[in-house]
Amino acid sequence: MRKRYFLESSSGQNLLPRRLNLKSFPATVGRHPDCTLQLNVDRVSRLHARFSEQEDALVLEDLGSTNGTFINHERIEAPMPVKVGDVIHLADHEFRLMRDRSFGSEDQPTSSADTVIGMRALPREFPLQMAAFFDLLENSKVKPFCQKIFHSDGRLFGFELLGRSGHDELQDGPDQLFAIAAALNSEIRLSRLFRRKAFEAAAAAQLKQPLFFNNHPAECEDFDNLLSELSTLRDRFPRLNLVFEMHEGAVTDKETMVSVRRDLGRMDIRLAYDDFGAGQARLLELIEVPPDILKFDISLIRDLDDRDSPKYQLLMTLNDLISTMGIKTLAEGVESELAAGLCREIGIDFFQGFHFDCPKHIGQFDE
């Protein structure tokens, strides 16, 4: 007897048909009317994925979808075999591969053609966060935050622009958001959303002080694209006093950095090297492409409590070297008066950390 297989949705998935028959391979899935299985729902691409048979195995392939295809919560970048029991996600819509024994004899050999795809309720953790995360991106549910930066004498110098979730289901901090973004290959999209919302809020608050802003390391893999986005933002917000923070790990090619610094200068955006000392300090690039400001990594500041400690001696040596080059220095992560006092002795110019101020929503701070 001929086997039959189909896509079956759960009762909770009201936007999907109860059943979608899967009759032949290859079978495409997506929002386009020509797809074998049309799923006209949010976040599924017009041509999202394809099922095919290869040597009695069922194979799933992503077709360049925006929000990804996943097998057992792992995003696939190439055709991958799927087996009975595997969990499949098309964006945040979840399916499970199951064997259909409704038709045919139980003692007949089974193959990939004896399976169905059945949708069930989303699990409690990662997939629920996926749905919330897509909602956050698509509806810009983020909050613009900032943290004050001070001169060594206590006067306000500027702010670091930050972002936080504005979604009720994603309240575990930015690390949670970027962990989900990494799984969904959406780090750049999230970083850009944070940056845009922070610029908008800073302009609305009429902040005149220097505004330090971040980028995700993935953005530095395509500086042309990053600089194009910054140029667009600069045109929208010409009065903001901007300082672009670049992680020292991204400072890998002198010629590229010379070009980046030149383009930033044309946009009237200053350059800061962030997290200096977190890894292998790139002193040669520091000399050949000096920033306006250098931020010492929190690892050099944390537990700074003794003038005789190697950490104090290292920080003093680095600060002396950098200061002679005309570069201003900033201590990040200052959490005690003792650490602040030692940083003042060393001669560091600017201070940032919970000892002075915690991040707040832009506009909800005292000038």
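Keep in mind that what you see is a predicted model, and the values were worked out from it rather than measured.
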Undergrad: Contact between I327 and P291 at the side-chain level, heavy atoms closer than 4.5 Å - yes or no?
TA: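 I327 vs P291: side chains touch.
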Undergrad: So with a 6.0 Å cut-off around CZ of R239, is the heavy-atom count from everything else above 12?
TA: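 Count not over threshold, so no.
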Undergrad: Under 3.5 Å, is there a donor-acceptor pair between the Y312 and E345 side chains?
TA: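 The criterion, which ignores hydrogens and geometry beyond distance, is satisfied for E345 and Y312.
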Undergrad: Can you find a heavy atom in the side chain of T329 that is under 4.5 Å from one in the side chain of I293?
TA: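 A side-chain contact is absent here, since even the closest heavy-atom pair is not under 4.5 Å.
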Undergrad: Taking atom CG of L264 and atom CZ of R234, what is their separation to the nearest 0.5 Å?
TA: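 It comes to 10.0 Å.
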Undergrad: Looking only at non-hydrogen atoms, find the nearest pair between P359 and F354 and report the distance.
TA: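 Nearest pair, atom of P359 first, then F354: CD-CE2, 3.4 Å.
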Undergrad: Taking E169 for its side chain and F133 for its backbone only, find out whether a donor-acceptor pair lies under 3.5 Å.
TA: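 Looks like no, no N/O pair under 3.5 Å.
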Undergrad: Side-chain contact test, heavy atoms from C-beta onward, threshold under 4.5 Å: evaluate it for M267 versus S231 and give yes or no.
TA: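 M267 reaches S231 side chain to side chain.
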Undergrad: Check for a donor-acceptor pair, side chain of S165 on one end and backbone N or O of L170 on the other, with a separation under 3.5 Å.
TA: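 Flag set: sc S165 to bb L170 pair under 3.5 Å.
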Undergrad: With a 4.5 Å cut-off on side-chain heavy-atom distances among I, L, V, M, F, W and Y, is there a chain of contacts connecting M246 to L242?
TA: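 Linked, M246 and L242 end up in one cluster.
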Undergrad: Indicate whether any N or O donor in one side chain lies under 3.5 Å from an N or O acceptor in the other, for S191 and E219.
TA: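 Side chains of S191 and E219: pair found under 3.5 Å.
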Undergrad: Return the NE2 to CG distance between H89 and N72, rounded to the nearest 0.5 Å.
TA: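 Separation between the atoms: 9.5 Å.
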Undergrad: Among side-chain atoms of H167 and D135, is any donor-acceptor pair under 3.5 angstrom?
TA: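 Looking only at side-chain atoms, D135 and H167 do form a donor-acceptor pair, the distance falling under 3.5 Å.
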Undergrad: So do V334 and L304 actually touch side chain to side chain, heavy atoms under 4.5 Å?
TA: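 No, too far: nothing below the 4.5 Å cut-off.
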Undergrad: Between S309 and D306, is there a donor-acceptor pair closer than 3.5 Å when you use the side chain of the first and the backbone of the second?
TA: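 Confirmed, S309 side chain pairs with D306 backbone.
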Undergrad: Enter the distance from L63:CG to T69:OG1 here, rounded to the nearest 0.5 Å.
TA: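 Answer for the CG-OG1 pair, L63 versus T69, is 7.5 Å.
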Undergrad: Nearest 0.5 Å, please: how far is CZ in R195 from CG in L161?
TA: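 Nearest 0.5 Å value for the CG-CZ distance: 10.5 Å.
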Undergrad: Could you walk me through whether R261 and D292 pass the salt bridge (charged side-chain N to carboxylate O under 4.0 Å, His left out) check?
TA: CA-CA 10 Å; R261 167 133 195 154; D292 299 287; 3.2 Å; yes
Undergrad: For the hydrophobic clusters of this structure (ILVMFWY residues joined by side-chain heavy atoms under 4.5 Å, transitively), does one cluster hold both L156 and L211?
TA: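 In one cluster: yes.
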Undergrad: Does the pair E160/K148 count as a salt bridge with the N-to-O cut at 4.0 Å?
TA: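 A salt bridge is absent here (no side-chain N lies under 4.0 Å from a carboxylate O).
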Undergrad: Check whether any side-chain heavy atom of L330 sits under 4.5 Å from a side-chain heavy atom of I348, and report yes or no.
TA: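 SC-SC contact between L330 and I348 ruled out.
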Undergrad: In the structure I gave you, are the side-chain heavy atoms of I76 and L60 within less than 4.5 Å of one another anywhere?
TA: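 When only atoms from C-beta onward are counted, L60 and I76 do touch, with a gap below 4.5 Å.
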Undergrad: Centres of the F157 and F150 rings: under 6.0 Å?
TA: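 No; F150 has its ring centre 6.0 Å or more from that of F157.
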Undergrad: Which residue pairs satisfy the salt bridge (charged side-chain N to carboxylate O under 4.0 Å, His left out) criterion with at least one member in residues 62-77, sequence neighbours excluded?
TA: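 For residues 62-77, and leaving out neighbouring residues, there are no salt bridge (charged side-chain N to carboxylate O under 4.0 Å, His left out) pairs at all.
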Undergrad: Hey, could you give me the OG/CG distance between S186 and L177, rounded to the nearest 0.5 Å?
TA: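 The CG atom of L177 is 11.5 Å from OG of S186, to the nearest 0.5 Å.
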Undergrad: For the residue pair F178 and H216, does the interplanar ring angle fall in the parallel (under 30°), tilted (30 to 60°) or perpendicular (over 60°) class?
TA: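 Correct class here is parallel.
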Undergrad: Tell me the closest heavy-atom pair linking T28 and D34, and the distance in Å.
TA: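 Taking T28 first and D34 second, the nearest heavy atoms are OG1-O, 4.4 Å.
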Undergrad: Is a donor from one side chain sitting under 3.5 angstrom from an acceptor on the other, for S65 and N67?
TA: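 The criterion, which ignores hydrogens and geometry beyond distance, is not satisfied for N67 and S65.
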Undergrad: Check the pair F244, L226 against side chain to side chain contact (heavy atoms under 4.5 Å, CB included), reporting the backbone distance first and the verdict last.
TA: CA-CA 11 Å; F244 175 75; L226 174 58; 3.8 Å; yes
Undergrad: Tell me yes or no: between the side chains of N241 and R270, is some donor less than 3.5 Å from an acceptor?
TA: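 Note: N241 and R270 side chains meet the donor-acceptor criterion.
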Undergrad: Look only at the side chain of N139 and the backbone of K141, and say whether a donor-acceptor pair between them is shorter than 3.5 Å.
TA: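 Not confirmed, N139 side chain does not pair with K141 backbone.
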Undergrad: Does E337 pair with R344 as a salt bridge, N-O distance under 4.0 Å?
TA: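 Yes.
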Undergrad: Taking atom CG of L193 and atom NZ of K197, what is their separation to the nearest 0.5 Å?
TA: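 Going from CG on L193 over to NZ on K197, the span is 7.0 Å.
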Undergrad: Would you confirm whether the ring centroid of F194 sits within less than 6.0 angstrom of the ring centroid of F213?
TA: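 Not close enough - the centres of the two rings lie 6.0 Å or further apart.
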Undergrad: Can D275 and K295 be said to form a salt bridge (charged side-chain N to carboxylate O under 4.0 Å, His left out), step by step?
TA: CA-CA 6 Å; D275 298 331; K295 299 182 72 171; over 6 Å; no
Undergrad: Donor-acceptor check, side chain of D297 to backbone of L300, threshold 3.5 angstrom: yes or no?
TA: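 Not a single qualifying donor-acceptor pair exists.
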Undergrad: Does the N215 side chain pair with the main chain of E245, one donor and one acceptor, at a distance under 3.5 Å?
TA: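 Looks like yes, one N/O pair under 3.5 Å.
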Undergrad: Considering residues, nucleotides and ligands other than Q171, do more than 12 of their heavy atoms fall under 6.0 Å from its CD?
TA: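 Enclosed: over 12 neighbouring heavy atoms sit under 6.0 Å from CD of Q171.
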Undergrad: Are F296 and Y273 side-chain neighbours, meaning at least one heavy-atom pair lies under 4.5 Å?
TA: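 Not touching, per the 4.5 Å side-chain cut-off.
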Undergrad: On the 0 to 90° scale, with breaks at 30° and 60°, tag the F351-F356 ring pair as parallel, tilted or perpendicular.
TA: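 Answer is tilted, since the angle falls between 30° and 60°.
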Undergrad: Check this for me: does any side-chain nitrogen of one of R43 and E138 sit under 4.0 Å from a carboxylate oxygen of the other?
TA: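 Answer for the salt bridge query: yes.
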Undergrad: Quick check on K328: does its NZ atom have over 12 non-hydrogen neighbours (other residues, nucleotides or ligands) under 6.0 Å away?
TA: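 Atom NZ in K328 is not crowded, with 12 or fewer foreign heavy atoms closer than 6.0 Å.
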Undergrad: Hey, is the main chain of F25 close enough, under 3.5 Å, to the side chain of S52 for a donor-acceptor pair?
TA: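 No: the side chain of S52 does not pair with the backbone of F25.
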Undergrad: Do F276 and I322 touch side chain to side chain, with heavy atoms closer than 4.5 Å?
TA: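 Yes, close enough: below the 4.5 Å cut-off.
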Undergrad: Tell me whether R31 contacts the main-chain N or O of V44 through its side chain, where contact means a donor paired with an acceptor under 3.5 Å.
TA: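 Yes; judged by distance alone, with no hydrogens or angles, the pair exists.
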Undergrad: Is there a path of hydrophobic side-chain contacts, each under 4.5 Å between heavy atoms of I/L/V/M/F/W/Y residues, joining V29 to V59?
TA: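 No, because V59 and V29 fall into different hydrophobic clusters, even though each may have its own neighbours under 4.5 Å.
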Undergrad: Hydrophobic clusters here meaning ILVMFWY residues chained together by side-chain heavy-atom distances under 4.5 Å, can you tell me if L318 and I346 are in one?
TA: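 Linked within one cluster.
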Undergrad: If hydrophobic clusters are built by linking Ile, Leu, Val, Met, Phe, Trp and Tyr wherever their side-chain heavy atoms come under 4.5 Å apart, do L39 and F51 end up in the same one?
TA: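 Linked, L39 and F51 end up in one cluster.
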Undergrad: For side chain to side chain contact (heavy atoms under 4.5 Å, CB included), just list the numbers for L47 and C35, CA-CA rounded to whole Å, side-chain angles, deciding distance to a tenth of an Å, and then say yes or no.
TA: CA-CA 7 Å; L47 191 61; C35 286; 3.7 Å; yes
